[in-house]
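Remarks on the structure that follows.
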Amino acid sequence: MREGNSWNDTMPYMQEALDMIQHKIARILNGDPYYEDSWVDIIGYAQLALDGIREDAENRRTIEAFQKWVEQDGSTTVVTSATSDFNSR
């Protein structure tokens, strides 16, 4: 899974969700496929990843709006710092 083309492009929360989903699938295939908690856990890990993706998208929209506001104001110092902080996540 880590050898996939996009693995290095994923955020740590995505990687963790994928790892745990893979773990749960292995448990299903090597244990009781009717054990409901494993299926519920897969849904939960996928939901956590989706929540992170949505939060990242909202943060990008906020930063873009802020950058436009600062461009109109003529100041760039704060934007560079805010963008740098976001991109380091």
Side-chain angles (χ1 to χ4, degrees):
M1 183 168 65
R2 287 182 165 80
E3 300 299 321
N5 292 337
S6 297
W7 181 260
N8 292 328
D9 297 332
T10 59
M11 299 296 289
Y13 67 83
M14 294 174 182
Q15 294 173 353
E16 183 67 20
L18 289 167
D19 280 340
M20 294 308 297
I21 290 168
Q22 183 180 24
H23 176 76
K24 292 298 177 176
I25 290 170
R27 281 197 165 182
I28 290 168
L29 295 175
N30 290 291
D32 181 2
Y34 293 96
Y35 185 64
E36 193 174 302
D37 284 354
S38 294
W39 296 99
V40 171
D41 288 346
I42 290 171
I43 293 167
Y45 290 120
Q47 185 63 56
L48 288 172
L50 180 59
D51 292 346
I53 291 167
R54 289 177 175 165
E55 183 179 334
D56 285 352
E58 180 59 33
N59 288 339
R60 278 192 293 279
R61 285 191 293 274
T62 301
I63 287 173
E64 288 168 1
F66 184 71
Q67 286 173 329
K68 287 179 185 176
W69 175 78
V70 170
E71 286 171 4
Q72 292 172 352
D73 186 44
S75 174
T76 58
T77 305
V78 177
V79 172
T80 303
S81 175
T83 304
S84 165
D85 289 346
F86 177 76
N87 289 333
S88 67
R89 283 182 54 188

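Only a predicted model underlies this, so the values are computations on that prediction, with no experimental measurement involved.
- Atom CG of Leu29 is separated from atom CZ of Arg27 by 13.0 Å, given to the nearest 0.5 angstrom.
- Across Tyr13 and Ile53, no two heavy atoms sit closer than the pair OH-N, 3.1 Å.
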Please tabulate, for side-chain N and O atoms in residues 3-12, each donor-acceptor pair with protein atoms closer than 3.5 Å (sequence neighbours left out).
residue: Thr10; atom: OG1; partner: Trp7; partner atom: O; Å: 2.6
residue: Thr10; atom: OG1; partner: Gln15; partner atom: NE2; Å: 3.1

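- Cluster partners of Leu50 are absent, since no Ile, Leu, Val, Met, Phe, Trp or Tyr has side-chain heavy atoms less than 4.5 Å from it.
- With sequence neighbours excluded, no residue forms a salt bridge (charged side-chain N to carboxylate O under 4.0 Å, His left out) with Arg54.
- For Gln22, the side chain to side chain contact (heavy atoms under 4.5 Å, CB included) partners are Met1, Asp19, not counting sequence neighbours.
- For the pair Trp39 (side chain) and Pro33 (backbone), a donor-acceptor distance under 3.5 Å is present.
- There is a side-chain donor-acceptor pair under 3.5 Å between Tyr35 and Asp37.
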N/O donor to acceptor pairs below 3.5 angstrom from side-chain atoms of residues 40-48, sequence neighbours left out:
residue: Asp41; atom: OD2; partner: Lys24; partner atom: NZ; Å: 2.9
residue: Gln47; atom: NE2; partner: Asp51; partner atom: OD1; Å: 2.7

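- Between Glu58 and Arg61 a salt bridge is recorded (basic side-chain N to carboxylate O distance below 4.0 Å).
- When the salt bridge (charged side-chain N to carboxylate O under 4.0 Å, His left out) test is applied to Glu36, no partner is found at least two apart in sequence or on another chain.
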